[in-house]
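First the proteins, then the strands, lettered A, B, ... as listed; each starts at 1. Note that the structure is a prediction, hence the values are computed from the model and not measured.
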Amino acid sequence: MEDEWLWGWDPTPGIVSVWAEPGGRATVWRRDPVTGELVREVERFRPWMLLDRIDDLRHLGSALGGDIEGSARIRYRELDGAGALRFLVSADDARTLSDAVLAGAAIRLGRPVRHVAELGDGVLSLPPEEQYLVTTGRTYFRDLSFDHLRRLQFDLETTGLDPRRDRIFMVSVRHPDGSLDVLEARDATDGGEADLIRRLVDVVRASDPDVIENHNLHGFDLPFLDRRARRLGVPLALGRIGPPGLRQRAARRGAAAGDSDERRRVRLMAPGRELIDTLDAVRRYDFSTRELPSHGLKAVARHLGVARPDREYVRGDQIYTVYQRDPDRIRRYATADVEEVAAIARLLGGAAFALAQMAPRRYERLADAGAATGVIDPLLVRAYLRAGAALPAHEPGDGTPHSGAALYLFASGVARRVVKADVASLYPSLMRAYHIGPSRDRLGALLALVDRLVEQRLLAKARARAAPAGSAERHTHEAMSAAMKIVVNSAYGYLAAGGELTRFADVHAANEVTRRGREVLELMCRELAARGATLIEADTDGVYFAAPEAWSEADERRVVSEVAALLPSLVQLELEGRYAAMLSHEPKNYALLVYDGDLLLRGVAFRSSRAEPFGERFLRRAISGLLVDDVVGVRDAYLATVAALRRRTLSTYDVSSRVRLTKTPVQYIASREKRRELPYEAMLASGRASWSAGDRARVYRTSSGQGKVVTEPDDGPEGAADPRDYDVDHYVRVLRESFAVRLARAFTGEDFAAIFADPDQPSLFEPSIETIRPILTITSQQRVFGPPGE
DNA sequence: TCATACCGGGG
DNA sequence: GTGTACGGTATGA
């Protein structure tokens, strides 16, 4: 039973796309796992919905029948249990069904009802494909691996970002076999662009991919292409069946629908193909790893090591101008884009592929779905219907506030021999250990799913390890493990999400999980402190502590496993990292020195996109010195930076900071008299009076107190001006007040003043920097767990 | 200065 | 007929 809840039950292999219509017709595309051949099958299914009452259909008289005598036009069946959605009704055609429900509701309410959505939570009505998948027990991709899919990538190059004004002038295409195409408009006219779009459609149809991929496909390329095709009257026949034109579905993270309703957001669909956005995969990946510097295509490709060394880079706003004088460069650029998308999709897209083997939703929906409402809810709906059990309706909470995790700062300053111990997947482990599930889940389906997923994930991980590195087999198992992790880790979020979002939400259960979590964290801290550890910081599921000088690495591991043994079974404490030293600044703001010499900076205080490059460099150098007890080195870093500013040996770029211009020129001019703002003054003073809201620029302050713009290093050879007319005193102040202060917790007030004293204003007595040592200050919260070593 | 709103991406 | 969270930045009181 639990296996059916997780995987469905119908073994039909090779489904790569499903398109279903309210009339009860489902078209299923399947790829033979052995030959790779594509078949298209048309199936009948019986559209259905769930209702909280059957009396709205009594007006049908004899046209309404129980499930068993299958001749009535509309049939129903009453499900077991107390759930509010207890009537499963079905008809040959979804419109017959909804018309009947709407008519009955209109009679009951005494007013016209136009859409089932108006009936709120009294109805559960899924999109046709999901009705089909839920009742058949089929899922996508059985017996297929990711590499069986025919995937095509295309990327538009346009003259700008606004489809009302700008045009497509180039499209790069990567075909499923890896071959590349660059299509170009023959001229900058409507006719040239229309012809380009026609050729793109032809190329896609000839390649006949199951999947179309790009980075920000749903946020940029598809809406742009759709708008241009409409304007130019070109039929956009990208789907496999039906009339040309893309279809729409409502989607929170979609693009503006472009009609009267400004807030309506949609994503576009093409029947028979799955439209996959690698930006979704990147976000999902970074959600757990949090290691990506940006979610942009280029940054991600570099980070994942799939960017070629000779990769062409061109700044977005220069693409069309560069194209006009050096088209080859843009061809190489656009080609690299689709190649990187293909590589990223394979590296990060496996999780969604694996989710589609479990949940009864289209692959493209699972690729952009949130795990709680997007994956767990559909799994539970299918489980309940399979068991013939009534489903609860959404219910708002009873007003009980949701309580969160604990966060402690025990000590700030510099600590040595630092250990991070944490519990992997704490919340789902607590749910399993203490059987904390939604109170309305009478089948216990959520906990059963979590149990199964945790067990099967261990299997998938073992199989991945056993498979050869780089093999398709390893990719499959790693992707499955990633998918299972996504679902397991969102089980708690599902409970806590609130009743409007998830069907079985239960704030009491969620609070019980966090309460147990705080209990576990406190136990961990208490027991570590009792064994001699100096606690530094603890948060949710992990703790940083400093080991006494006499401890060896083996001692550290022994103590962690001793404490681990005291925790509930299924809750596994692990030693996650060991560090030579740590600068603890504020909760979640710290620097770590790894034993191999690497310096890790965490938190807003230590990394900010606005920080001036010279300050960031100083901070790294000063903290590196600090963490090896080289206080003279800290002072030297400071003196060297002050000197470099005063002698202007630092470049203009080094003192500039990156800002975002949120006002348009018109808006700024209007408010300028009231308040002058440096970034905008800088734009005006640098002769760049036209910018768009949202543009970024690097600005700095000149000795005359004005702002000026400095060109970005990737602006190309055009601009490399370096006038060094910056305000030295201002930046010396920034150095001390914005950067040096990050080290304040490491010293007494007197020592800090001595280290960061201005070299040009010698004090009466020269303190000896050599004798200063960094300190660690124990804060009062340490006492909660008793002093260490007692 | 602190709270809160909103963005993340694409040419 | 949908729906993350989280960390950072931009904004207004």
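For Ser294(A), a side-chain nitrogen or oxygen approaches OP1 or OP2 of dG9(B) to under 4.0 Å. Close to dG1(C), at under 4.0 Å from its OP1 or OP2, lies no side-chain N or O of Arg267(A).
Across dG8(C) and dG9(B), the matching P atoms stand 14 Å from one another, rounded to whole Å. Look at the C1' atom in both dA5(C) and dG8(B): the space between them is 12 Å, to the nearest Å.
If you check every strand for non-hydrogen atoms under 4.0 Å, Asp337(A) touches sugar and phosphate atoms only. Here Leu297(A) lies in heavy-atom contact (under 4.0 Å) with sugar-phosphate atoms only. Here Arg165(A) lies out of heavy-atom contact (under 4.0 Å) with every strand. Backbone-only engagement by Ile319(A) is indicated by non-hydrogen atom pairs under 4.0 Å involving sugar-phosphate atoms exclusively. No contact: Asp162(A) has no heavy atom under 4.0 Å from any strand. No engagement by Leu217(A) is indicated, since no non-hydrogen atom pair under 4.0 Å with the nucleic acid exists. Using a 4.0 Å heavy-atom criterion, one finds that Ala372(A) contacts no nucleic acid atom at all.
Residue Asp317(A) contributes atom CG, which lies 13 Å from atom C1' of dG10(B) at whole-angstrom precision. Nucleotide dG10(B) holds its P atom 16 Å from the CD atom of Gln153(A), rounded to whole Å. Tyr333(A) has its OH atom 8 Å from the P atom of dG10(B), to the nearest Å. At whole-Å resolution of the value, CG in Asp286(A) and C1' in dC7(B) are 15 Å apart. One atom, CG of Asp121(A), and another, C1' of dT2(C), lie 13 Å apart when rounded to the nearest Å. Distance, Glu364(A) CD to dT2(C) C1': 15 Å, rounded to whole Å. Leu601(A) has its CG atom 12 Å from the P atom of dG8(C), to the nearest Å. In this structure, the NE2 atom of His295(A) is 11 Å from the C1' atom of dA5(C), given to the nearest Å.
With dG11(B), dG8(B), dG3(C) as the candidates, the nucleotide lying closest to the side chain of Arg283(A) is dG8(B). Here the nucleotide nearest the side chain of His215(A), chosen from dG9(B), dT2(C), dG1(C), is dG9(B). Among dG11(B), dG1(C), dG3(C), the nucleotide with an atom closest to any side-chain atom of Thr373(A) is dG3(C).
Applying the salt bridge (Lys or Arg N to Asp or Glu O under 4.0 Å) test to Asp541(A) and every residue at least two apart in sequence or in another chain returns nothing. Looking at residues two or more places apart in sequence or on another chain, you find no salt bridge (Lys or Arg N to Asp or Glu O under 4.0 Å) involving Glu129(A).
We find that Asp190(A) and Arg167(A) are joined by a salt bridge, their nearest charged nitrogen and carboxylate oxygen being less than 4.0 Å apart. Using a 4.0 Å cut-off between a side-chain N of Lys or Arg and a carboxylate O of Asp or Glu, Asp280(A) and Arg284(A) do not qualify as a salt bridge. The residues Glu184(A) and Arg331(A) are annotated as salt-bridged, a charged nitrogen and a carboxylate oxygen being separated by less than 4.0 angstrom.
For the atom pair CG (Leu275(A)) and CE (Met269(A)), the distance works out to 9.0 Å, reported to the nearest 0.5 Å.
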